[in-house]
Amino acid sequence: MKRLFWLGVGVTAGVIATRKVNATARKATPAGIGENIGAGLRELAEAVGAFGADVRAGMSEREEELARGVTERTGVELPGRRARGAGERAS
């Protein structure tokens with residue numbers, strides 16, 4: 001019974017080791033490297049897109065603040081904009 005147990009442990013360890021070696025070898029092939037580069041570029045594109053959206057939102061918010069400041073100080077409403085009340089938020 002003891003030998004059967006150790007045989008099972010050895011087979012299991014062999015299968016796990018074989019799968020890890022095959023996965024590592026797959027990553028080293030040109031196709032695997034291409035997949036890794038493609039995934040990295042997708043992540044980079046998503047990060048750049050999120051950054052751009054944050055910048056646009058900040059620009060829009062600052063533009064509204066500046067327009068309100070001009071309207072409050074001069075009483076002149078900028079063309080294409082309407083003055084927002086204190087309770088309203090830009091969407």
Side-chain angles (χ1 to χ4, degrees):
M1 196 62 165
K2 207 176 201 183
R3 288 183 180 179
L4 188 59
F5 170 76
W6 287 113
L7 177 66
V9 169
V11 169
T12 303
V15 168
I16 291 172
T18 301
R19 287 187 179 183
K20 287 198 180 249
V21 166
N22 286 339
T24 303
R26 170 79 172 105
K27 288 180 184 177
T29 63
I33 292 171
E35 287 176 9
N36 289 339
I37 290 173
L41 289 175
R42 277 190 295 278
E43 288 178 19
L44 178 63
E46 290 172 6
V48 168
F51 175 74
D54 289 344
V55 168
R56 283 189 298 277
M59 285 178 10
S60 177
E61 184 178 319
R62 181 65 178 146
E63 186 177 357
E64 289 294 328
E65 289 174 6
L66 292 172
R68 267 186 307 226
V70 168
T71 302
E72 288 172 3
R73 290 187 181 145
T74 64
V76 176
E77 193 169 321
L78 295 176
R81 301 234 171 245
R82 65 177 183 86
R84 294 186 184 274
E88 289 186 32
R89 292 189 66 188
S91 51

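Given the structure is predicted, the values throughout are model-derived calculations rather than measurements.
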Approximate separation, where rounding is to 0.5 Å, of Thr71 OG1 and Glu64 CD:
9.5 Å
Is it the case that the side chain of Ser60 and the backbone of Arg56 share a donor-acceptor pair, with hydrogens and angles ignored and the cut-off at 3.5 Å?
no
Quick one: list whatever passes side-chain hydrogen bond (donor to acceptor under 3.5 Å, both in side chains) with Thr74, sequence neighbours left out.
none
Kindly work out whether a path of hydrophobic side-chain contacts (I/L/V/M/F/W/Y, heavy atoms less than 4.5 Å apart) joins Met59 to Phe51.
yes
Find the distance between CD (Glu61) and CG (Leu66) and round it off to the nearest 0.5 Å.
11.0 Å
Provide the full list of salt bridge (Lys or Arg N to Asp or Glu O under 4.0 Å) pairs with a residue in residues 25-53, sequence neighbours left out, each pair given once.
Arg26-Glu35
